[in-house]
There are 2 protein chains.
Amino acid sequence: MEIYKGEKKRKFIEENAIGHLFSFPIEEYMEVHEYRRDDWIIQEGMRPNYLFYVIEGKAKIYITHQNGKVSLINFINESEYIGEMELLHDVYYTKGIQATTKTICFALPITHYRKKLLEDTKFLRELTKFLSLKATNMAAKYSQSLAFPLENRLADFILQTADRGVYKEKHVTVCDYLGVSYRHLLYILNQFCEKRYLLKVGRNYEIYQYDALHSLAKVIENK
Amino acid sequence: MEIYKGEKKRKFIEENAIGHLFSFPIEEYMEVHEYRRDDWIIQEGMRPNYLFYVIEGKAKIYITHQNGKVSLINFINESEYIGEMELLHDVYYTKGIQATTKTICFALPITHYRKKLLEDTKFLRELTKFLSLKATNMAAKYSQSLAFPLENRLADFILQTADRGVYKEKHVTVCDYLGVSYRHLLYILNQFCEKRYLLKVGRNYEIYQYDALHSLAKVIENK
DNA sequence: GTAAGAATATGAGATATCTCTTATTATGAG
DNA sequence: CTCATAATAAGAGATATCTCATATTCTTAC
């Protein structure tokens, strides 16, 4: 992890202005943090001292259960907050946040800004929208996970994450995200290959029958 | 459904003041709606015209999936909002909201209040807290549902809903809530009875070994 | 380069959960 | 009171998913 200083910091802030998110000047105590792939931005169970706003990169929210299972609750992308739960609540079980790629965020010290942020309409309105989407997405994921087998949820996930027709997510990550065992994920991926929905090329999977995947995926969505 | 008028309305508003939730007078266009048990407060897929605030009663949020399965996403209790998603987002798939008991809520016409509400710090701050809890709860439910079998989740649910040691929820409701089949729920309830965790008395279940249930339930919580 | 750890792969057997079917027992509307 | 519907109950067989064990590649740090 690196904290930008001096000219580097000044330049980054200048090129990534976030003044529009607040109705008061935010830069005085603001820091710029850069995390490398696999760095922990927040460690599970450890209350963070900052409210983060992601400018560049991607991260994952993890929780570890008492039976040892790990859930990847969600991904965090650019223009999203990290640590907002702790800003709002004094008592909160802090989840672990891990950078998936190099991730640069603004870090606002909670001690300095908490009071001001909670009185800032502009900030609150945006945060409200962000949280409502988060709640909606979690509700969707929850009900889908109970109502549909992996086949449907994986088809959806493949279509969402494939890059130019090629799916190449890490199996372990996907297991944690979709909440199934490694073994079962491979079973279903193999089925997709046998049915020629996917073609396995080295360690990647190319989408071969887009429509077949699409019809599996579309039944999970509520529109 | 009944809309309070005249003296009845005046009196109800007087006895259940919610002025503290807003920084501007809210009563002019506010209505008071009373729903009976099983009434639909909002129908699935139908955008509501009001932001509701529950004063008395209890309701359920349902979503119907394309494969016919129904999920009971969550319960709504007193002092909670209904319709806040539609207030915030122009595009949103509206879930169905059904009263579990007689439910009385304040109904704020969105057309009149939307703009003002989205500029009201007091309102936004409370809504932010409400939504953050909602998101957190959904995330917890989601990851628990994937990480633990029904046995654990049901034990937790029984302890949470039992009234003076007696569990008497409707099986159908519980199935939708915990996302399992009716058949499977009965299997596990029978197991609990065979193991003497519960005693079946008529159609109710009395908790007989509190500690056994508790040790099943406690492994799902993150503290 | 090599050794250790990560990631991929696959078999075999167990179990959690589902679907479909068929009864029996409440409960509410007329 | 009575019929229709909701709720409870349970068997039997299917399937979605898990656990454990074992191999085979890749990566990566030294």
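Reminder, nothing fancy here: chain letters follow the sequence lines and each chain counts from 1.
In the set dA9(C), dT19(C), dT19(D), dT19(C) carries the atom at the smallest distance from any side-chain atom of Lys69(B). Among the nucleotides dT19(C), dT8(D), dA9(C), the one closest to any side-chain atom of Leu186(A) is dA9(C). Nearest nucleotide to the Leu150(B) side chain, out of dT17(C), dC18(C), dA16(D): dT17(C). Candidate nucleotides dT17(D), dT8(D), dA10(D) were compared by shortest atom distance to the side chain of Arg203(B), and dT8(D) ranks first. Side-chain atoms of Lys170(B) lie closest to dT8(D) of the nucleotides dA9(C), dT8(D), dA10(D). Listed nucleotides dA7(C), dC18(D), dA16(C) differ in distance to His184(B); the shortest reach to its side chain belongs to dA16(C). Of the candidates dA9(C), dA9(D), dT17(C), dA9(D) carries the atom nearest the Tyr205(B) side chain, counting heavy atoms from C-beta on. Side-chain proximity of Pro149(B) to the nucleotides dA9(D), dA9(C), dT17(C) is greatest for dT17(C). Checked against dT17(C), dT19(D), dC20(C), the side chain of Arg183(B) finds its nearest nucleotide in dC20(C).
Looking at heavy-atom distances under 4.0 Å, Gly179(A) makes contact with sugar-phosphate atoms alone, never a base.
Helix bend of the helix from dG1(C)-dC30(D) to dG30(C)-dC1(D): the angle between its two end axes, each built from five pairs, comes to 60° after rounding to 10°.
Rounded to a whole Å, the CD atom of Gln191(B) is 13 Å from the P atom of dA10(D). For Phe148(A) and dT15(D), the CZ to C1' distance is 17 Å, given to the nearest whole Å. If you measure from atom CG of Asn190(A) to atom P of dT10(C), you get 5 Å, rounded to the nearest angstrom.
Checked by atom type and distance alone, the side chain of Arg153(B) never pairs as donor or acceptor with a backbone atom of Lys141(B) at under 3.5 Å. With hydrogens and angles ignored, the 3.5 Å screen pairs a side-chain donor or acceptor of Glu44(A) with a backbone N or O of Thr64(A).
Checked by atom type, the side-chain pair Thr94(B)/Glu86(B) shows a donor-acceptor distance below 3.5 Å.
Both Tyr187(B) and Glu169(A) lie close to DNA chain C; mapped to their nearest nucleotides by heavy-atom distance, the more 5′-ward contact belongs to Glu169(A).
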